[in-house]
Asker: 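Input: one structure, supplied below.
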Amino acid sequence: MDLGLQDRVAFVAGASSGLGLAVATELAREGCRVAICSRYQARIAEAARQVAQEAGVAPERVLAVACDVTDEAQIEVAIGRAADHFGGLHILITNAGGPPTGFIDDFDAEQWRMGLELNLMSTINLCRHALPHLRRAAAEDGHARILMITSMAAKQPVPNLYLSNTARAGVQGFAKTLSEELGPTGLTVNTILPGFTRTDRLKHFVKEIQAHSDKTEAEIEAGWAAGNALKRIGEPDEFAAAVAFLVSARAGYVTGIAFPIDGGHVKHLL
Ligand SMILES: NC(=O)c1ccc[n+]([C@@H]2O[C@H](COP(=O)([O-])OP(=O)(O)OC[C@H]3O[C@@H](n4cnc5c(N)ncnc54)[C@H](OP(=O)(O)O)[C@@H]3O)[C@@H](O)[C@H]2O)c1
């Protein structure tokens with residue numbers, strides 16, 4: 001299937017590793033010109049080199065921009081740079097690292113604020129600053145997309161992930177509202193909800209658990225896998241393939257949905 005992504009311009013946030021990096025690589029492979037951001041210039045420049053190499057595209061089709069998505073001023077500059085560099089913007093993928101784990105007594109008000117800045121406000125501000133460009137793209141030929149990377153926690157809270165569970169619920173409300181307002185323009189707005197997927201964040205969780213137990217990495221992963229229908233951990237490229245479809249020209253009638261890529265972890269009927 002031709003996804004109709006050739007020469008589309010995509011901005012992928014949180015893309016120096018993990019899901020963001022896999023998404024940027026998949027979109028570059030499908031023909032997009034891609035701007036990627038994360039906090040540190042050296043890391044994001046290396047990621048851009050890796051994306052171009054793995055996708056087999058010219059280095060100038062991947063732009064690295066250092067941007068901390070908890071800082072609105074940096075977002076404004078980063079989105080502006082991407083749109084200037086490539087002459088517009090058609091696709092926004094919001095993403096960032098996940099917040100720390102913990103229970104209700106583990107976080108003070110400042111830590112709550114930081115968690116919401118990282119996973120809720122960053123999403124809202126990325127959308128706000130990308131919208132003028134995306135509206136223009138939608139007016140040109142109707143192919144403009146916002147896709148927000150959140151978590152299966154949006155549908156089924158994870159016990160020690162208060163900050164994530166709360167921020168993701170906020171993103172869901174924002175996304176659905178935005179999809180209604182922007183629908184008449186043709187700009188689609190969806191969220192995509194990863195389950196356990198093999199990235200640095202998952203390795204970090206393994207280490208956290210190992211600090212309080214004598215389980216091996218394989219035993220910990222097997223415990224997670226046992227909770228989903230497919231009985232295995234997902235791979236970043238499996239996640240990225242679903243992203244590529246949802247931002248493609250072929251997904252023009254899909255908006256306002258929360259799409260789980262979790263191997264059947266969340267046990268909802270609809
Ligand atoms: N992997 C899973 O199993 C899983 C499951 C459910 C939900 N998720 C969610 O999916 C998202 C991506 O997860 P991942 O597994 O890909 O994590 P990851 O491997 O840790 O990657 C996180 C990315 O975000 C960047 N980042 C972190 N803070 C940032 C900031 N303030 N501004 C800009 N970039 C920032 C990191 O780059 P720098 O550090 O270089 O800035 C890195 O590129 C997270 O929200 C996570 O909670 C993941």
Side-chain angles (χ1 to χ4, degrees), residues 12-21 23 37-40 43 67-75 92-129 146-178 189-213 220-221 223-224 227-228 233-234 236 239 258-262 265-268:
V12 185
S16 67
S17 68
L19 302 180
L21 179 63
V23 165
C37 90
S38 67
R39 288 169 294 181
Y40 311 110
R43 241 165 88 80
C67 169
D68 183 334
V69 296
T70 63
D71 181 337
E72 186 197 353
Q74 290 188 38
I75 288 177
L92 171 69
I93 315 277
T94 72
N95 183 39
T101 55
F103 291 94
I104 188 64
D105 296 326
D106 293 330
F107 303 116
D108 61 21
E110 177 59 10
Q111 288 164 313
W112 270 100
R113 190 189 61 73
M114 286 167 62
L116 296 177
E117 291 283 353
L118 181 64
N119 292 121
L120 175 59
M121 289 312 300
S122 67
T123 308
I124 294 169
N125 286 327
L126 280 161
C127 291
R128 288 180 51 244
H129 287 287
I146 294 174
L147 185 63
M148 306 175 193
I149 296 180
T150 72
S151 170
M152 61 184 175
K155 283 191 185 278
Q156 180 174 295
V158 181
N160 67 342
L161 273 174
Y162 270 87
L163 300 181
S164 178
N165 298 339
T166 307
R168 313 302 186 181
V171 170
Q172 226 34 73
F174 172 66
K176 190 70 181 171
T177 313
L178 192 61
V189 182
N190 295 294
T191 62
I192 186 158
L193 284 49
F196 293 109
T197 315
R198 208 175 300 284
T199 66
D200 288 352
R201 180 155 170 85
L202 212 66
K203 282 187 207 144
H204 170 77
F205 284 150
V206 166
K207 288 207 174 70
E208 269 190 3
I209 293 170
Q210 281 181 321
H212 305 104
S213 84
I220 293 166
E221 286 198 358
W224 288 330
N228 70 42
I233 302 294
F239 179 83
F259 192 41
I261 304 291
D262 64 358
H265 184 87
V266 175
K267 308 302 177 195
H268 55 94

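All of these numbers come straight from a predicted model, not from anything done at the bench.
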Asker: Testing the basics here: between Val189 and Ala175, what is the closest heavy-atom pair and its distance to 0.1 Å?
Answerer: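 Distance-wise, the nearest heavy atoms are CG1-O, 3.6 Å.
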
Asker: Does Ile75 reach the side chain of Cys67, with side-chain heavy atoms less than 4.5 Å apart?
Answerer: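 Sidechains of Cys67 and Ile75: in contact.
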
Asker: Is the side chain of Asn228 donor-acceptor paired with the backbone N or O of Ile233 at a distance under 3.5 Å, no angle test?
Answerer: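 Answer holds: no.
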
Asker: Taking C-beta and beyond as the side chain, do Leu193 and Phe259 meet within less than 4.5 Å on heavy atoms?
Answerer: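 No. Closest side-chain heavy atoms not under 4.5 Å.
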
Asker: State, with a plain yes or no, whether a side-chain heavy atom of Pro100 is found less than 4.5 Å away from one of Met114.
Answerer: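 No, their side chains stay 4.5 Å or more apart.
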
Asker: Rounded to the nearest 0.5 Å, what separation is found between the CD atom of Glu208 and the OG atom of Ser213?
Answerer: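 Interatomic distance, Glu208 CD to Ser213 OG, rounded to 0.5 Å: 12.0 Å.
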
Asker: Show the nearest heavy-atom pair for residues Gly115 and Leu163, with the distance to one decimal.
Answerer: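 Nearest heavy atoms, Gly115 then Leu163: CA-CD1, 4.4 Å.
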
Asker: Considering residues, nucleotides and ligands other than His212, do more than 12 of their heavy atoms fall under 6.0 Å from its NE2?
Answerer: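 Not buried by this count: 12 neighbours or fewer within 6.0 Å.
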
Asker: Describe, in one word, how the ring planes of Phe196 and Trp224 are oriented to each other, choosing from parallel (under 30°), tilted (30 to 60°) and perpendicular (over 60°).
Answerer: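 Answer is parallel, since the angle falls under 30°.
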
Asker: Shortest non-hydrogen contact from Ala167 to Asn119?
Answerer: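 Here Ala167 and Asn119 meet closest at CB-CB, 3.7 Å.
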
Asker: Contact between Ile192 and Met148 at the side-chain level, heavy atoms closer than 4.5 Å - yes or no?
Answerer: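 Side chain of Ile192 against side chain of Met148, heavy atoms only: no contact under 4.5 Å found.
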
Asker: Just checking Lys267: does its NZ atom have more than 12 heavy atoms from other residues, nucleotides or ligands closer to it than 6.0 angstrom?
Answerer: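 Above 12, so yes.
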
Asker: I need the minimum non-hydrogen distance between Pro260 and His268, along with the two atoms involved.
Answerer: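 Looks like CG-NE2, 3.8 Å.
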
Asker: Between atom OG1 of Thr70 and atom CD of Gln74, what is the distance when rounded to the nearest 0.5 Å?
Answerer: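 That separation rounds to 7.5 Å.
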
Asker: If you compare all heavy atoms of Gly170 against all heavy atoms of Leu120, which two are closest, and at what distance to 0.1 Å?
Answerer: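 Between these two residues, the closest heavy atoms are C-CD1, 3.6 Å.
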
Asker: Nearest 0.5 Å please: distance from the CG atom of Asp68 over to the SG atom of Cys37.
Answerer: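 The CG atom of Asp68 sits 9.0 Å away from the SG atom of Cys37.
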
Asker: Out of curiosity, Met121 CE to Leu126 CG, how far, rounded to the nearest 0.5 Å?
Answerer: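 Reported to 0.5 Å precision, the distance equals 10.5 Å.
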
Asker: Give a yes or no answer on whether the side chain of Asn95 reaches the backbone of Ile149 with a donor-acceptor pair at less than 3.5 Å.
Answerer: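 No, Asn95 side chain to Ile149 backbone: no donor-acceptor pair under 3.5 Å.
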
Asker: Within a strict 4.5 Å, meaning less than it, do heavy atoms of the Ser17 and Asp200 side chains meet?
Answerer: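 Yes; the side chains approach each other to less than 4.5 Å.
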
Asker: How long is the gap from CZ on Phe205 to OG1 on Thr101, to the nearest 0.5 Å?
Answerer: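 Rounded to the nearest 0.5 Å, the CZ-OG1 separation comes out at 6.0 Å.
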
Asker: If we only count heavy atoms from C-beta on, is the Arg198 to Lys203 side-chain gap below 4.5 Å?
Answerer: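 A side-chain contact is absent here, since even the closest heavy-atom pair is not under 4.5 Å.
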
Asker: Please name all residues satisfying salt bridge (Lys or Arg N to Asp or Glu O under 4.0 Å) with Arg113, sequence neighbours left out, ordered by chain then number.
Answerer: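 For Arg113, the residues satisfying salt bridge (Lys or Arg N to Asp or Glu O under 4.0 Å) (neighbours in sequence not counted) are Glu110, Glu117.
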
Asker: At what distance, to the nearest 0.5 angstrom, does CZ of Arg128 lie from OG1 of Thr123?
Answerer: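 It is 12.5 Å, given to the nearest 0.5 Å.
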
Asker: Just by modelled atom types, is the Ser122 backbone N or O under 3.5 Å from a matching donor or acceptor in the Asn125 side chain?
Answerer: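 No, Asn125 side chain to Ser122 backbone: no donor-acceptor pair under 3.5 Å.
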
Asker: Has Thr197 got a side-chain atom pairing as donor or acceptor with Gly195's backbone, closer than 3.5 angstrom?
Answerer: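 Confirmed, Thr197 side chain pairs with Gly195 backbone.
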
Asker: Can you name the nearest heavy-atom pair linking Ser38 to Ala15, along with the distance?
Answerer: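 So the two residues come closest at CB-N, 4.3 Å.
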
Asker: Taking salt bridge (Lys or Arg N to Asp or Glu O under 4.0 Å) as the cut-off, I'd like each qualifying pair that reaches into residues 147-169, sequence neighbours left out, listed once.
Answerer: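 As it turns out, there is no salt bridge (Lys or Arg N to Asp or Glu O under 4.0 Å) pair with a partner in residues 147-169 once direct neighbours are skipped.
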
Asker: Does any part of the side chain of Pro194, heavy atoms only, come nearer than 4.5 Å to the side chain of Asp262, both counted from C-beta?
Answerer: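 Side-chain contact under 4.5 Å: no.
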
Asker: Report yes if some heavy atom in the side chain of Leu147 is under 4.5 Å from a heavy atom in the side chain of Leu92; otherwise report no.
Answerer: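 Not in contact.
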
